[in-house]
2 protein chains.
Amino acid sequence: MSKYQPTESELEILQLLWPNGPMTVRAVNDILNKNKDVGYTTTLKIMQIMLEKKLVIRDESKRTHVYEAKVAESEVQEKLLSKFINSAFRGSPASLVMQALGNHSASAEELEEIKALIDRIENNKNPE
Amino acid sequence: MSKYQPTESELEILQLLWPNGPMTVRAVNDILNKNKDVGYTTTLKIMQIMLEKKLVIRDESKRTHVYEAKVAESEVQEKLLSKFINSAFRGSPASLVMQALGNHSASAEELEEIKALIDRIENNKNPE
DNA sequence: TTCTTTCTACGAAAACATTCGTAATTAACA
DNA sequence: TGTTAATTACGAATGTTTTCGTAGAAAGAA
């Protein structure tokens with residue numbers, strides 16, 4: 001995994017690459033522009049920096065390069081999450097979870113899934 | 001609530017002010033220096049900026065000023081959490097919760113508390 | 001009082017991230 | 001072919017955050 005943490009703009013681009021797979025700068029920039037104004041060369045530059053940081057790889061066989069995420073979404077999430085728990089929730093994952101559940105909606109299925117996960121954790125910790 | 005979001009260093013200081021109550025710059029800087037090297041005037045400057053942003057208030061009646069958090073911890077957490085869910089978990093609180101529970105340890109009591117919270121949410125949504 | 005330490009205020013430097021203008025090249029097309 | 005459009009590379013400008021040096025005032029100690 002890349003030793004670099006993505007910045008905010010880099011993360012925004014990764015969030016497009018992860019679900020969509022390989023994309024051109026143009027495609028990324030078009031999507032970004034649905035929400036805000038970003039110049040084409042701005043997006044290009046950031047993606048070039050991401051290449052240097054090894055957050056992405058690119059296919060240069062054609063003139064129009066195609067970029068692909070090199071870091072896994074779950075790994076990036078895990079790093080960011082650890083940092084976030086420490087910096088905003090005094091290192092308490094439980095208090096983050098409580099706040100997330102309390103103030104943000106989840107579907108009935110998701111809630112069941114979470115309960116099932118907790119059950120599995122409890123059973124592993126207290127095997128009988 | 002302050003219209004400003006705390007930066008990382010500002011948040012680090014708020015994390016000291018919240019549990020400890022009013023503190024001097026000296027006290028804050030001493031604690032920060034247990035983990036890393038930070039110059040006294042650096043800490044002072046950041047706390048002065050926090051004052052401008054109205055993240056803290058200060059008592060100037062003595063020569064040595066005493067700073068106190070003005071924003072509530074839960075409010076700051078909530079704002080940061082919303083942003084974090086969007087930027088790192090594609091807007092899915094449930095996937096954040098799953099990852100937090102899966103990779104970070106919580107005590108048995110905390111797990112029960114979380115389950116109880118989920119039960120309350122489920123009952124509110126489907127009252128009988 | 002005089003010297004030393006501690007504190008605040010201020011501004012500038014350094015570090016980091018974002019944005020964009022420009023030039024060169026390639027592709028597309030009339 | 002020759003003109004236009006799209007793409008990359010590069011560097012510089014801008015913006016934001018962090019760090020720190022310096023000066024002056026206040027407090028404490030000898």
Pairwise distance CZ(B:R58) to OG1(B:T24) - rounded to 0.5 angstrom
13.0 Å
Over all strands shown, is A:T42 touching base, sugar-phosphate only, or nothing at heavy-atom distances under 4.0 angstrom?
base
How many angstroms lie between atom CD of B:Q5 and atom CG of B:L55, to the nearest 0.5 angstrom?
9.0 Å
Once rounded to the nearest 0.5 Å, what's the spacing between atom CD of B:E78 and atom NE2 of A:H104?
3.5 Å
Could a donor-acceptor pair under 3.5 angstrom be found where the side chain of B:K45 meets the base of C:dG11?
yes
Roughly how many Å is it from CD in B:E52 to P in C:dG11, rounded to a whole number?
11 Å
Here the distance between atom P of D:dT7 and atom CD of A:E60, to the nearest Å, is 16 Å
Rounded to whole Å, please give me the gap between CZ in A:R58 and P in D:dT7.
14 Å
Between B:T41 and C:dA9, is there a side-chain N or O to OP1/OP2 distance below 4.0 Å?
no
Can you check whether A:E110's main-chain N or O pairs, donor with acceptor, with A:S107's side chain at less than 3.5 Å?
yes
To the nearest Å, how far apart are B:Y40 OH and D:dT22 C1'?
15 Å
Which of residues 11-31 of chain A sit near DNA chain C, with a heavy atom under 4.0 Å from it?
none
How many angstroms lie between CD1 in B:I57 and CG in B:L51, if you round to the nearest 0.5 Å?
9.0 Å
What is the separation between atom CD on B:E10 and atom C1' on D:dT19, rounded to the nearest whole Å?
14 Å
Letter by letter from the 5' end, nucleotides 25-30 of chain D scores (B base, S sugar-phosphate only, - none; protein heavy atoms under 4.0 Å) BBS---
Which whole-number value in Å describes the distance from B:I49 CD1 to C:dG11 C1'?
12 Å
Counting side-chain heavy atoms from C-beta on, which of C:dC7, D:dC10, C:dT18 comes nearest to A:Q48?
D:dC10
Ionic contact status for B:K115 with B:E122, cut-off 4.0 Å
no
Could you tell me how far apart A:D37 (CG) and C:dT18 (P) are, to the nearest whole angstrom?
17 Å
Check whether more than 12 heavy atoms from other residues, nucleotides or ligands sit under 6.0 Å from atom NZ of A:K70, and answer yes or no.
no
Nearest-nucleotide 5' precedence on DNA chain D, B:K53 against A:H65:
A:H65
Using whole Å, report how far CE of A:M47 lies from P of D:dC10.
17 Å
Output the single nucleotide from D:dT8, C:dT8, D:dT18 whose closest atom is nearest the side chain of B:T64.
C:dT8
Among the candidates D:dT8, C:dT19, C:dA9, find the nucleotide nearest to the side-chain atoms of A:L44.
D:dT8
Sorted by chain and number, sequence neighbours left out, ring pair (Phe, Tyr, Trp, His ring centres under 6.0 Å) with B:F89 holds for B:F84
Candidate list A:D30, A:N29, A:N33, test side chain to side chain donor-acceptor pair (under 3.5 Å), partner A:T43, passing option:
A:N29
With a cut-off of 6.0 Å (strictly less than), are more than 12 heavy atoms of other residues, nucleotides or ligands near CD of B:E112?
yes
